[in-house]
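Below, all heavy atoms of this structure are taken into account, side chains as well, without hydrogens, waters or symmetry copies.
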Number of protein chains: 2
Amino acid sequence: MTDQVITRARPATIIDVARAAGVAVGTVSRYLNGQPIRGGNRDRIAQVIDELGYRRNSAAASMKTNTTHIVGLLVPAVGEFHAALLDRLTRRMRQTGRAVLCYCHDTEPTSFMEGLEFFAGHRVDAVVMDGNEDLRQRLAPYIAEGMLVVLYDNDLPELSADRVFVENRRASKRLVDHVLDLGHERVAIIHGNLRDSVARDRLEGYRDALKAHGVPEHPELVVDAGWNEYRGYTCMGDLMALPNPPTAVFGANYNMSIGALRWLREHDVSIPEDISLVSFDDVPAFSVHSPGITAVGQPVDKMAEAIVSILTERLGPNGALGKRTMRIDAEITLRGSTRRLRR
Amino acid sequence: MTDQVITRARPATIIDVARAAGVAVGTVSRYLNGQPIRGGNRDRIAQVIDELGYRRNSAAASMKTNTTHIVGLLVPAVGEFHAALLDRLTRRMRQTGRAVLCYCHDTEPTSFMEGLEFFAGHRVDAVVMDGNEDLRQRLAPYIAEGMLVVLYDNDLPELSADRVFVENRRASKRLVDHVLDLGHERVAIIHGNLRDSVARDRLEGYRDALKAHGVPEHPELVVDAGWNEYRGYTCMGDLMALPNPPTAVFGANYNMSIGALRWLREHDVSIPEDISLVSFDDVPAFSVHSPGITAVGQPVDKMAEAIVSILTERLGPNGALGKRTMRIDAEITLRGSTRRLRR
DNA sequence: GTGAAAGCGCTAACAC
DNA sequence: GTGTTAGCGCTTTCAC
């Protein structure tokens with residue numbers, strides 16, 4: 001009986017390959033990087049690589065090239081929206097030979113810094129992130145040091161970065177326009193934390209629609225639920241406790257809409273008979289809800305496409321172009337959660 | 001007016017730090033790695049590091065240490081379930097100073113190989129993945145080469161890996177038990193691709209429940225929708241077209257349940273009056289659905305915890321223990337989507 | 001085209 | 001404890 005191999009064989013290096021193929025390491029390196037090689041050498045090297053099961057050590061390579069083919073993604077949490085984006089992002093990134101390193105910071109400054117440090121230490125080629133007001137100042141030094149960042153979703157003005165945004169204000173206006181067109185005049189908005197540009201944009205869209213319809217804004221119908229499901233729930237309750245409650249509600253993201261929905265359901269307020277509801281963020285479950293929830297879906301695929309195209313340009317040769325900002329439209333899907341108000 | 005600095009300063013290296021602090025690089029390295037250092041040196045080094053904005057180059061470090069603090073995650077797609085797991089995983093990983101590199105392979109062998117190559121080339125410390133029959137043979141060589149893998153969700157028997165699974169069979173049985181307890185006798189299952197162990201387990205659980213209740217299995221009520229929403233939709237239609245349609249349906253994952261739900265909704269079949277429905281996979285939207293959908297939620301948090309604890313042990317000192325398999329129970333939440341059948 | 005050789009930034013062994 | 005030094009595996013001059 002032969003001895004069992006316990007220790008794992010040291011992976012083959014470029015030197016092993018060179019030796020076995022009878023060429024210099026430089027030649028192997030050139031082969032690996034697709035540079036011209038004499039036919040005979042090429043075949044021999046290819047064969048040896050196969051025999052030895054050689055695989056280039058990316059860490060060693062990046063020490064010379066200063067590129068890792070890894071892009072960092074910094075998100076508050078991997079929820080509905082960011083997960084969908086990540087999904088599209090990894091796929092498109094794959095085409096360009098890159099993968100995404102995911103760090104979620106939980107909206108905690110410490111974790112945020114850890115993430116940035118991790119990315120910087122590992123020399124990721126770029127970092128893609130959802131802006132967050134708390135992070136602005138902390139981010140600046142990294143950018144100054146040369147970190148490539150592309151912001152999406154929430155903006156952090158004044159930072160030197162590329163940007164990919166959704167036309168939140170416009171989509172939001174459209175959603176509320178729809179409700180207003182149906183004759184509603186008391187439409188409430190449950191919005192997110194106003195430190196986030198996305199929350200402000202969606203609120204502005206709401207106001208735009210009101211103005212366009214000549215409907216006055218009622219401050220008591222504008223409530224802040226901080227993007228949070230539970231607060232969406234309580235806000236919905238507050239709204240309904242008003243002497244003159246709204247006839248329609250706009251939940252400015254998935255979580256808050258779910259919270260609102262939960263409150264309405266628990267209190268037997270039916271949609272759309274008793275109240276109309278529209279939501280920012282669309283999910284499959286909204287379409288099978290009874291009634292279906294009218295919502296605007298985030299254009300995650302287009303966002304991912306935009307992000308990757310920016311990255312590709314910037315990480316390619318002559319990537320020193322000016323910073324870019326791209327804005328993408330979001331589609332609204334009409335379903336049965338709103339009804340026409342009798343006059 | 002001073003010249004504007006165009007070129008980015010080369011990041012400080014450990015040599016710069018050593019020089020500025022007047023000590024040897026070895027000393028700085030020891031400081032960086034938390035080894036004992038004389039007080040005076042410690043402070044000086046700390047200060048210099050701060051002044052120079054020095055940051056350890058992880059790539060260089062990993063060339064010596066052979067560890068990157070990066071764990072690869074290979075998933076078919078970042079949907080509901082995997083996203084939730086990723087969320088928990090990144091958080092727990094963070095505690096151990098690691099981040100997760102995400103690659104999604106779309107169930108395509110080519111992409112799968114690319115992912116493995118990427119991980120291997122980048123020398124990730126370990127790879128966490130959802131098993132998939134197509135990948136078994138391709139994975140084996142990597143494991144033989146020493147790749148550390150932990151499997152979750154679907155099993156790939158015989159591979160040398162750690163494993164973290166959900167008690168799919170048991171949870172599934174409980175779900176069907178519940179329906180059977182209510183007096184149903186024609187309960188259908190819309191299951192996933194049976195090449196996946198998870199699909200087989202959930203189907204077995206269904207059968208266990210049938211047997212336990214002395215209810216015969218009707219082959220026409222067992223349909224394969226390959227995990228897919230659209231096929232969940234068509235299968236639901238097929239089921240309802242049966243001469244003797246089921247009085248209850250079990251959707252074996254989120255996608256298929258949504259598909260089934262959509263069919264029922266479009267054809268005005270109401271739940272639970274006309275048919276009862278239960279689902280594997282739970283989402284917030286299920287709880288606000290009318291009626292609420294009875295479902296079993298995946299224990300993603302516990303899974304992440306298990307995965308990280310395995311990783312921590314194995315990547316720590318003396319990580320050569322035997323492979324482990326952990327099984328985690330899933331909880332079922334009763335809501336209103338089932339009703340008692342009158343006898 | 002190709003070989004030889006100089007590093008990239010770090011850790012670990014070794015003497016002191 | 002600390003300094004010195006030999007690599008880790010690769011890319012990239014530079015001659016030829």
Side-chain angles (χ1 to χ4, degrees), chain A residues 8-46 48-49 52-70 117 120-125 145-146 317, chain B residues 8-46 48-49 52-70 117 120-125 145-146 317:
Chain A
R8 161 160 55 122
R10 182 180 59 78
T13 74
I14 196 174
I15 301 183
D16 301 328
V17 174
R19 187 158 27 215
V23 298
V25 291
T27 307
V28 179
S29 176
R30 247 168 280 130
Y31 167 85
L32 255 20
N33 295 298
Q35 284 162 38
I37 285 288
R38 196 185 300 143
N41 283 342
R42 185 164 30 68
D43 300 342
R44 198 132 23 89
I45 292 175
V48 169
I49 285 183
L52 266 45
Y54 168 77
R55 176 180 304 118
R56 182 212 258 104
N57 180 330
S58 310
S62 27
M63 281 196 63
K64 297 295 292 188
T65 59
N66 264 318
T67 118
T68 52
H69 298 283
I70 292 179
E117 279 299 311
H122 282 268
R123 306 291 193 264
V124 297
D125 292 344
E145 276 174 30
Chain B
R8 161 160 55 121
R10 181 182 60 77
T13 74
I14 197 173
I15 300 183
D16 300 329
V17 174
R19 188 159 27 218
V23 298
V25 290
T27 307
V28 179
S29 175
R30 245 167 286 138
Y31 166 85
L32 254 21
N33 295 300
Q35 285 162 38
I37 286 288
R38 198 185 297 140
N41 283 342
R42 186 163 30 69
D43 299 343
R44 199 131 22 85
I45 293 175
V48 168
I49 285 184
L52 266 47
Y54 167 78
R55 178 179 305 118
R56 180 212 260 105
N57 180 330
S58 311
S62 28
M63 281 196 61
K64 298 293 294 185
T65 59
N66 263 316
T67 118
T68 53
H69 298 285
I70 292 180
E117 279 300 311
H122 281 269
R123 306 292 194 265
V124 297
D125 292 343
E145 276 174 30

Rounded to whole Å, how long is the line connecting atom CG of B:Asn66 with atom P of D:dC10? 12 Å
What integer distance in Å separates B:Gln35:CD from D:dG3:C1'? 15 Å
Tell me the closest heavy-atom pair linking B:Ile49 and B:Tyr31, and the distance in Å. CD1-CE2, 3.6 Å
In whole angstrom, what separates A:Arg19's CZ from D:dG9's P? 11 Å
For A:Tyr31 and D:dG9, what is the distance between atoms OH and P respectively, to the nearest whole Å? 20 Å
For A:Ser62 and A:Thr67, the nearest pair of non-hydrogen atoms, with its separation, is CB-O, 3.3 Å
Could you check how far CE of A:Met63 sits from P of D:dG7, rounded to whole Å? 16 Å
From CD1 of A:Ile49 over to P of D:dG9, roughly how many Å is that when rounded to an integer? 16 Å
Provide, to the nearest angstrom, the distance between the CD1 atom belonging to B:Ile14 and the P atom belonging to D:dG3. 12 Å
For D:dG9 and A:Thr13 - does any side-chain N or O of the residue sit under 4.0 Å from the phosphate oxygens OP1/OP2? no
Note: B:Ile37 and B:Arg42 closest approach over all heavy atoms is CG2-N, 3.5 Å
Say whether, by atom type as modelled, one donor and one acceptor occur between the side chain of A:Thr65 and the main chain of A:Ala61 under 3.5 angstrom. yes
Below 4.0 Å from chain A heavy atoms, what is the first contacting nucleotide of DNA chain C and what is the last? C:dG1 to C:dG9
Check the distance between D:dG9's C1' and B:His122's NE2 and give it to me in whole angstrom. 14 Å
B:Tyr54 near the nucleic acid: base, sugar-phosphate alone, or nothing, with a heavy-atom cut-off under 4.0 Å? sugar-phosphate
Starting from the C-alpha separation in whole Å, work towards a yes-or-no answer on salt bridge (charged side-chain N to carboxylate O under 4.0 Å, His left out) for A:Arg10 and A:Asp16. CA-CA 11 Å; A:Arg10 182 180 59 78; A:Asp16 301 328; 3.5 Å; yes
Does D:dG3 have OP1 or OP2 under 4.0 Å away from a side-chain N or O of B:Thr27? yes
How close do A:Met63 and B:Ala60 get, counting heavy atoms only, and between which atoms? SD-CA, 3.7 Å
OP1 or OP2 of D:dT11 less than 4.0 angstrom from a side-chain nitrogen or oxygen of A:Arg56, does that happen here? yes
Using a heavy-atom cut-off of 4.0 Å across all strands, would you classify A:Val25 as base, sugar-phosphate, or nothing? base
For B:Arg30, report the nucleic acid contact type (base, sugar-phosphate, nothing); a contact means any heavy atom under 4.0 Å. base
Would you indicate what A:Asn33 reaches in the nucleic acid, counting non-hydrogen atoms under 4.0 angstrom: base, sugar-phosphate, or nothing? sugar-phosphate
Any donor-acceptor N/O pair under 3.5 Å between D:dG9 base and A:Lys64 side chain: no
Check: A:Asn41/A:Arg30 side-chain N/O donor and acceptor closer than 3.5 Å: no
So does B:Asn41 get a side-chain nitrogen or oxygen closer than 4.0 Å to the phosphate oxygens (OP1/OP2) of D:dT2? yes
